[in-house]
S.K.: 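Before I ask anything, let me first share the structure, which is written out below as structure tokens.
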Amino acid sequence: MKLEIRDLCAGYSGKRVLDSISLLVEKGEILTLIGPNGCGKSTLLKTIGRILRPQSGCVLLDGKAVHSMNTAALAKQMALLPQTHSAPEDLTIEQLVRYGRFPHRKGFGGLCPHDCEVVENVLAMTRLDVLRNRLLSTLSGGERQRAWIAMTLAQEPEVLLLDEPTTFLDVCCQFEVLELIRMLNRKLNLTILMVLHDLNLAARCSHRLAAVKDSRIRYCGTPAEIIRPEVLEDVFEIKAEIIDGPDHIPCFIPVASCKTGGTVK
């Protein structure tokens with residue numbers, strides 16, 4: 001399912017944060033938004049996910065304006081996992097995942113056999129089937145994030161929006177979460193738009209990167225086209241050395257701030 005943003009302007013309380021954003025996320029693509037703090041990445045994701053209404057412009061899902069769609073119908077096609085989320089700590093993993101079936105339920109009845117089958121498949125896919133009875137309060141950061149991703153997958157979406165899915169996780173857990181995202185993209189042909197701060201991880205797990213600065217998309221391209229000294233200097237105001245990493249995926253080492261001219265010693 002293709003996601004298209006056309007001339008989108010959005011913000012808070014009359015203040016414009018995004019100005020004339022246009023972006024196309026192709027079906028089955030992982031596109032990651034990068035950029036400095038406060039540039040509008042999360043605002044863009046919230047506007048696409050209908051948490052915010054655009055000031056102008058539109059968001060299209062296979063040609064349909066998402067802000068005009070029926071909420072339940074949209075939830076069957078697109079799922080959003082925000083940066084901060086909460087649920088009662090005495091819920092089990094399985095109970096949390098079952099909430100993802102809400103858009104598909106009819107009336108106030110329980111889960112039908114198909115709902116239960118979807119929940120079982122999602123638990124297995126996210127390697128949470130053996131942990132299904134664990135309380136959320138007992139989970140590690142990585143396990144908890146997998147549980148929330150599993151809940152969004154239970155919606156059976158075709159488009160997945162993820163805002164900083166690796167926040168507060170150690171390096172190993174970050175890799176586990178991003179490996180899961182890559183696997184879901186390949187296995188389910190999910191279209192994924194996410195926000196990441198770690199540029200090296202973003203380069204390793206994304207088909208394309210879109211760099212946001214000064215309320216606009218400044219650059220958009222493959223990791224090799226974006227992880228370049230001149231782009232990093234323009235967007236992040238850092239001097240960097242680029243290394244040709246495994247599988248020819250670039251990674252960078254920051255060596256100085258353009259603002260201070262200093263290096264870390």
Side-chain angles (χ1 to χ4, degrees), residues 1-3 23-35 41-42 44-46 48-49 61 75-85 93 96-97 99-100 118-119 121-129 131 136 139-212 220-224 226-227 245-247 249-251:
M1 182 165 281
K2 183 172 67 175
L3 178 66
L23 186 66
L24 177 64
V25 188
E26 296 285 0
K27 178 178 174 62
E29 179 181 31
I30 299 178
L31 193 151
T32 299
L33 301 171
I34 61 173
K41 303 183 298 296
S42 293
L44 178 55
L45 216 63
K46 289 176 182 177
I48 294 169
L61 201 57
K76 294 176 184 178
Q77 298 179 325
M78 185 168 69
L80 167 66
L81 184 60
Q83 186 174 350
T84 57
H85 35 69
I93 288 177
L96 177 67
V97 174
Y99 278 121
V118 171
V119 169
N121 290 340
V122 166
L123 287 170
M125 198 179 304
T126 53
R127 297 182 290 111
L128 292 169
D129 44 347
L131 304 176
L136 298 185
L139 302 180
S140 68
E143 291 168 342
R144 183 180 292 254
Q145 193 69 326
R146 277 194 286 140
W148 281 100
I149 291 173
M151 189 200 72
T152 63
L153 290 177
Q155 293 178 220
E156 293 186 287
E158 296 183 57
V159 176
L160 189 56
L161 309 177
L162 301 169
D163 193 358
E164 290 289 351
T166 58
T167 298
F168 306 127
L169 300 181
D170 64 38
V171 174
C172 182
C173 287
Q174 290 179 38
F175 269 100
E176 286 181 352
V177 168
L178 291 177
E179 285 171 358
L180 171 62
I181 291 168
R182 284 298 304 269
M183 182 273 288
L184 295 171
N185 167 255
R186 291 192 298 266
K187 189 169 184 178
L188 303 177
N189 199 31
L190 272 177
T191 303
I192 298 174
L193 177 64
M194 63 179 170
V195 172
L196 285 178
H197 270 298
D198 190 313
L199 304 188
N200 287 329
L201 286 178
R204 288 210 59 77
C205 70
S206 309
H207 297 110
R208 287 191 299 150
L209 306 174
V212 183
C220 189
T222 65
I226 302 301
I227 306 300
D247 304 322
I249 297 173
C251 58

S.K.: Testing the basics here: between G28 and N189, what is the closest heavy-atom pair and its distance to 0.1 Å?
M.R.: CA-OD1, 3.4 Å
S.K.: Counting distance only, does the side-chain N/O of R146 pair as donor-acceptor with the main-chain N or O of T126 below 3.5 Å?
M.R.: yes
S.K.: Can you run down the ring pair (Phe, Tyr, Trp, His ring centres under 6.0 Å) pairs that involve residues 141-172, sequence neighbours left out, and say none if there aren't any?
M.R.: H85-W148
S.K.: Check side chain to side chain contact (heavy atoms under 4.5 Å, CB included) between L188 and all other residues, then give those that pass, not counting sequence neighbours.
M.R.: M125, L153, L184, L190
S.K.: K41 side chain to G35 main-chain N or O, any donor-acceptor pair under 3.5 Å?
M.R.: yes
S.K.: Determine yes or no for a side-chain-to-main-chain donor-acceptor pair under 3.5 angstrom, with E143 supplying the side chain and S140 the backbone.
M.R.: yes
S.K.: Could you measure the distance from the CE atom of M151 to the CD1 atom of I93? Nearest 0.5 Å is fine.
M.R.: 13.0 Å
S.K.: If the threshold is 4.0 Å, N to carboxylate O, is there a salt bridge linking K76 and E156?
M.R.: no
S.K.: Any non-hydrogen side-chain atom of T166 less than 4.5 Å from a side-chain atom of F175?
M.R.: no
S.K.: Shortest non-hydrogen contact from A150 to V122?
M.R.: O-CG1, 3.2 Å
S.K.: Check A202 against T32 and note the closest heavy-atom contact, atom names and distance.
M.R.: CB-CG2, 3.9 Å
S.K.: What distance separates L193 CG from R208 CZ, expressed to the nearest 0.5 Å?
M.R.: 10.0 Å
S.K.: Over all heavy atoms of both residues, which pair between L23 and A210 is shortest? Give the atoms and the distance, please.
M.R.: CD1-CB, 4.3 Å
S.K.: Does any part of the side chain of P250, heavy atoms only, come nearer than 4.5 Å to the side chain of I226, both counted from C-beta?
M.R.: no
S.K.: Donor-acceptor pair, R182 side chain versus R204 backbone, under 3.5 Å?
M.R.: yes
S.K.: Quick check: does any side chain N or O of S206 sit under 3.5 Å from a backbone N or O of L209, one acting as donor and the other as acceptor?
M.R.: no
S.K.: With the side chain counted from C-beta on, respond yes when V195 and L162 share a heavy-atom pair under 4.5 Å apart, and no when they do not.
M.R.: no
S.K.: Checking T191 now: which residues fulfil side chain to side chain contact (heavy atoms under 4.5 Å, CB included) with it, not counting sequence neighbours?
M.R.: V25, K27, V159
S.K.: What distance do T84 atom OG1 and E164 atom CD have between them, rounded to the nearest 0.5 Å?
M.R.: 11.5 Å
S.K.: Where do G142 and L169 come nearest, in terms of heavy atoms and distance?
M.R.: N-CD2, 3.6 Å
S.K.: Do any N or O atoms from the side chain of R144 and from the backbone of L136 form a donor-acceptor pair under 3.5 angstrom?
M.R.: yes
S.K.: Is any side-chain heavy atom of M194 less than 4.5 Å from a side-chain heavy atom of L33?
M.R.: no
S.K.: Going by heavy atoms in the side chains, are P165 and I181 under 4.5 Å from each other?
M.R.: yes
S.K.: Can you tell me how far the CD1 atom of I249 sits from the OG1 atom of T222, to the nearest 0.5 Å?
M.R.: 10.5 Å
S.K.: Distance check, rounded to the nearest 0.5 Å: L80 atom CG versus L160 atom CG?
M.R.: 8.5 Å
S.K.: Strictly distance-based, threshold 3.5 Å: is any side-chain N or O of H207 a donor or acceptor partner for the main-chain N or O of E29?
M.R.: no
S.K.: Considering all heavy atoms of both residues, which atom of A147 and which atom of L139 are nearest to each other, and what is their separation?
M.R.: CB-CD1, 4.4 Å
S.K.: Check whether Q83 reaches the backbone of T167 with its side chain - one donor and one acceptor, N or O, closer than 3.5 Å.
M.R.: no
S.K.: Salt-bridge test for K46 and D163: reply yes if a basic N is under 4.0 Å from a carboxylate O, no otherwise.
M.R.: no
S.K.: In Å and rounded to the nearest 0.5 Å, what is the CD1 to SG distance from I227 to C251?
M.R.: 9.0 Å
S.K.: Are the side chain of D198 and the backbone of N200 linked by a donor-acceptor contact shorter than 3.5 Å?
M.R.: yes
S.K.: Would you check if the side chain of Q77 reaches a backbone N or O of E158 as a donor-acceptor pair within less than 3.5 Å?
M.R.: no
S.K.: Heavy-atom distance under 4.5 Å between the side chains of L131 and L123, does that happen here?
M.R.: no
